[in-house]
Amino acid sequence: MIVSLPQSIDAGQLVERVQQTESSGSNLQVLAQPVLPKPNAGDEEATDRFVITAFGPDQPGIVRQFSQYLAGKDINIVDLFGDRTGDDFVLIGQVRCPFTGTSG
């Protein structure tokens, strides 16, 4: 499980808080660690963050093709998930790309 908290908290403190709840039960094992590094101050300002999904027939090198295409557009993959069902393949990526400057 990946969580986002409103305030920064030490991983050890988070584990203690979860283990102290009455609903946790005596057999619950808890491990907490930071997942994403804290961004540099200018990193967030210069990029937009998106989730992109690509799907189609599975073929050798599909992950390489996907990542090379995005890299060629100066899009950085922050997280990537792939799944194959039969002959179909889906990739879901969290990406960061240069700020587009457009507004909605």
Side-chain angles (χ1 to χ4, degrees):
M1 177 184 310
I2 298 175
V3 298
S4 178
L5 304 169
Q7 297 177 11
S8 180
I9 185 172
D10 177 72
Q13 292 174 328
L14 179 59
V15 168
E16 288 177 18
R17 287 187 184 181
V18 172
Q19 288 176 332
Q20 290 174 355
T21 62
E22 291 181 24
S23 63
S24 66
S26 60
N27 295 328
L28 184 66
Q29 294 181 7
V30 180
L31 171 68
Q33 64 185 41
V35 176
L36 300 175
K38 293 182 180 177
N40 296 329
D43 191 30
E44 288 287 329
E45 297 171 9
T47 59
D48 285 327
R49 208 168 183 155
F50 297 93
V51 173
I52 186 169
T53 304
F55 51 91
D58 187 27
Q59 60 186 359
I62 193 166
V63 174
R64 179 186 55 81
Q65 291 172 357
F66 183 73
S67 61
Q68 282 184 335
Y69 177 81
L70 294 177
K73 303 288 184 184
D74 201 24
I75 298 172
N76 186 38
I77 299 172
V78 178
D79 191 19
L80 183 64
F81 170 79
D83 187 37
R84 180 179 171 198
T85 304
D87 291 333
D88 295 324
F89 195 80
V90 64
L91 288 170
I92 302 170
Q94 186 179 99
V95 299
R96 196 181 293 260
C97 57
F99 180 68
T100 59
T102 60
S103 60

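What you see is a predicted model, and the numbers here were worked out from it, not measured in a lab.
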task: Indicate if F89 and I92 have the same hydrophobic cluster label, given that clusters are the connected sets of ILVMFWY residues with side-chain heavy-atom separations under 4.5 angstrom.
output: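 Hydrophobic grouping puts F89 apart from I92.
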query: Quick one: do F81 and F50 end up in the same hydrophobic cluster if we chain Ile, Leu, Val, Met, Phe, Trp and Tyr together by side-chain heavy atoms under 4.5 Å apart?
result: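 In one cluster: no.
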I75 vs I52, side-chain contact (heavy atoms from CB on, under 4.5 Å): CA-CA, chis, key distance, verdict: CA-CA 11 Å; I75 298 172; I52 186 169; over 6 Å; no
task: Test F66 against L80 for side-chain contact (heavy atoms from CB on, under 4.5 Å), laying out the working first.
output: CA-CA 10 Å; F66 183 73; L80 183 64; 3.8 Å; yes
- prompt: Between G82 and L91, which heavy-atom pair has the shortest distance, and what is it?
  reply: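 Heavy atoms only, the tightest pair is CA-CD2, 3.7 Å.
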- prompt: Of the non-hydrogen atoms in I62 and P57, which two are nearest, and what is the gap between them?
  reply: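 For I62 and P57, the tightest heavy-atom pair comes out as CD1-O, 3.8 Å.
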task: Not counting sequence neighbours, list each pair that qualifies as a salt bridge (Lys or Arg N to Asp or Glu O under 4.0 Å) and has a residue in residues 67-76.
output: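 Those involving residues 67-76 do not exist here.
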task: Could I get the full list of salt bridge (Lys or Arg N to Asp or Glu O under 4.0 Å) partners for D58, not counting sequence neighbours?
output: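 Once residues adjacent in sequence are excluded, the partners of D58 under the salt bridge (Lys or Arg N to Asp or Glu O under 4.0 Å) criterion are R84.
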From CA spacing to verdict: side-chain contact (heavy atoms from CB on, under 4.5 Å), F55, T85: CA-CA 11 Å; F55 51 91; T85 304; over 6 Å; no
- prompt: With Q13, which residues qualify under side chain to side chain donor-acceptor pair (under 3.5 Å), at least two apart?
  reply: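 Side chain to side chain donor-acceptor pair (under 3.5 Å) check on Q13 returns nothing, list empty.
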- prompt: Around D87, counting heavy atoms of other residues, nucleotides and ligands shown, do more than 12 lie under 6.0 Å from its CG?
  reply: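 No, CG of D87 has 12 or fewer neighbouring heavy atoms, counting only those of other groups under 6.0 Å.
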